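What follows is one structure encoded as structure tokens, with my remarks underneath.
Start at 1 and go down the list; that is how both ligands and their atoms are numbered. The first residue of the sequence shown is numbered 1, and numbering continues consecutively from there. Bear in mind that the values here come from a model prediction, so they are computed numbers and not experimental data. The figures here come from the full heavy-atom set of this structure, side chains too, leaving out hydrogens, waters and symmetry mates.
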Amino acid sequence: MMSSSDRSLERLIADWDGEALVSRHDRETDTWMFIGIHSTRLGPACGGTRLRVYPNPADAARDVLRLAEGMTLKCAAAGLPTGGGKAVLAVPALPVGETRRQVLLRYGRLIETLQGSYRTGPDMNTGAGDMDVLGEVTRYAFGRSPERGGSGSSAPDTAVGVWHGIRASCAHTFGTADLAGRSVLVQGAGGVGSALVELLVADGAKVLVADVATERVRHLERRYGIDPVDPAEVIGTACDVYAPCAIGAVLTATTISALRCAVVAGAANNQLGEPGDAERLRAAGILYAPDFVINSGGALHLIGTEMLGWDAATLAARLAGIGATLTEIYQHADDEGTTTEEAAEAIARARLSAAPPADPPSYRG
Ligand code: PHE
């Protein structure tokens with residue numbers, strides 16, 4: 001079989017149903033910049049900028065095309081008036097200091113040339129400090145630090161959204177949203193994972209945590225008394241809820257057959273290795289919270305507060321809405337005998353086809 005990295009860039013683009021792939025090679029740092037604009041049907045294409053080392057540029061392009069499509073579904077399912085996009089800076093090594101600043105400035109100028117049809121924010125390996133740098137040269141960077149007029153890190157609100165999602169998933173599976181005594185395995189103790197741990201502990205859940213960065217786990221163990229889990233043991237560890245909050249593609253034929261949980265509900269993007277894995281989860285009797293629904297808290301935080309002018313109460317209500325949307329999706333999937341992924345995509349696609357194409361001038365400002 002041909003490995004996906006063998007697929008040519010032109011084949012990837014031709015097979016994609018998105019609107020545009022903007023690309024630029026930054027000669028100074030040998031960085032490939034790819035901006036995938038998947039859909040502007042509901043509004044400007046929004047999605048974060050991922051900074052990563054890839055085996056080759058085609059792998060980076062494949063990642064950006066897939067992630068941009070995920071953002072279209074995420075924004076539509078969350079009821080946001082925005083479309084989907086994503087950017088990847090495929091670097092030879094994670095840049096630091098002045099080199100990082102300069103590459104970000106060149107990338108920010110590229111964003112600005114798109115006049116708001118693509119709007120970025122933080123993603124893997126990027127944060128508020130990077131958005132501050134972009135903000136020096138473009139108006140279209142969400143998630144700058146509060147001192148620079150931004151709304152700061154979206155990680156805590158992403159965790160709040162996941163927490164609502166876990167409660168809704170437990171209500172569907174166990175008949176109660178109460179998390180007291182429920183065992184939840186959080187994979188990844190980064191910004192989102194550690195904020196989630198705090199919320200779960202406050203509810204009296206029995207929290208297990210795995211992270212390759214062992215000092216993060218030790219810190220959470222000292223602070224909250226969580227149970228550490230060896231990162232290599234995550235999949236076979238018995239728990240009520242498995243919450244992947246780190247890398248994607250954790251759900252595959254191999255891992256699903258080894259899972260010992262009733263619910264998968266976590267923050268990571270692109271959790272399914274391939275589309276058929278949603279059916280594998282269903283057949284295994286495991287309730288899967290579609291990633292692009294349960295992890296939309298970050299998008300609600302960034303787009304809601306910075307583009308739509310939401311106050312704290314509106315944002316809180318919309319984050320709680322993630323739980324309500326999941327309940328609706330689970331009901332739909334049960335009624336129609338489909339996977340939860342299919343039910344979630346159906347909701348998103350219904351919103352996309354109901355809306356008239358966004359008027360280009362609405363991108364501005
Ligand atoms: N990268 C985050 C996500 O995948 C947050 C984000 C949302 C960034 C929307 C920019 C715009 O949801």
Problem - Glu69 and Thr72 side chains, donor-acceptor separation under 3.5 Å - result: no
Problem - Between Asp123 and Thr49: side-chain donor-acceptor atoms closer than 3.5 Å - result: no
With the criterion set at N/O pairs under 3.5 Å, what does the list of contacts between the protein and ligand 1 look like, atom names and distances included?
{"residue": "ligand 1", "atom": "1 (N)", "partner": "Pro122", "partner atom": "O", "Å": "2.9"}
{"residue": "ligand 1", "atom": "1 (N)", "partner": "Asp123", "partner atom": "OD1", "Å": "2.7"}
{"residue": "ligand 1", "atom": "4 (O)", "partner": "Lys74", "partner atom": "NZ", "Å": "3.0"}
{"residue": "ligand 1", "atom": "4 (O)", "partner": "Lys86", "partner atom": "NZ", "Å": "3.2"}
{"residue": "ligand 1", "atom": "4 (O)", "partner": "Asn269", "partner atom": "ND2", "Å": "3.4"}
{"residue": "ligand 1", "atom": "12 (O)", "partner": "Lys74", "partner atom": "NZ", "Å": "2.7"}

Exercise for the section: Consider only side-chain heavy atoms of I, L, V, M, F, W and Y, link residues closer than 4.5 Å, and tell whether Val241 and Leu259 are in one cluster. Expected result: no
Problem - Cation-pi check, Arg182 onto Phe174 ring (under 6.0 Å, within 45° of axis) - result: yes
Fill in the blank from the handout: For Trp32, the ring pair (Phe, Tyr, Trp, His ring centres under 6.0 Å) test, sequence neighbours excluded, returns His25, Phe34
Exercise for the section: Please check if the side chain of Glu341 supplies one atom and the backbone of Tyr288 the other of a donor-acceptor pair under 3.5 Å. Expected result: no
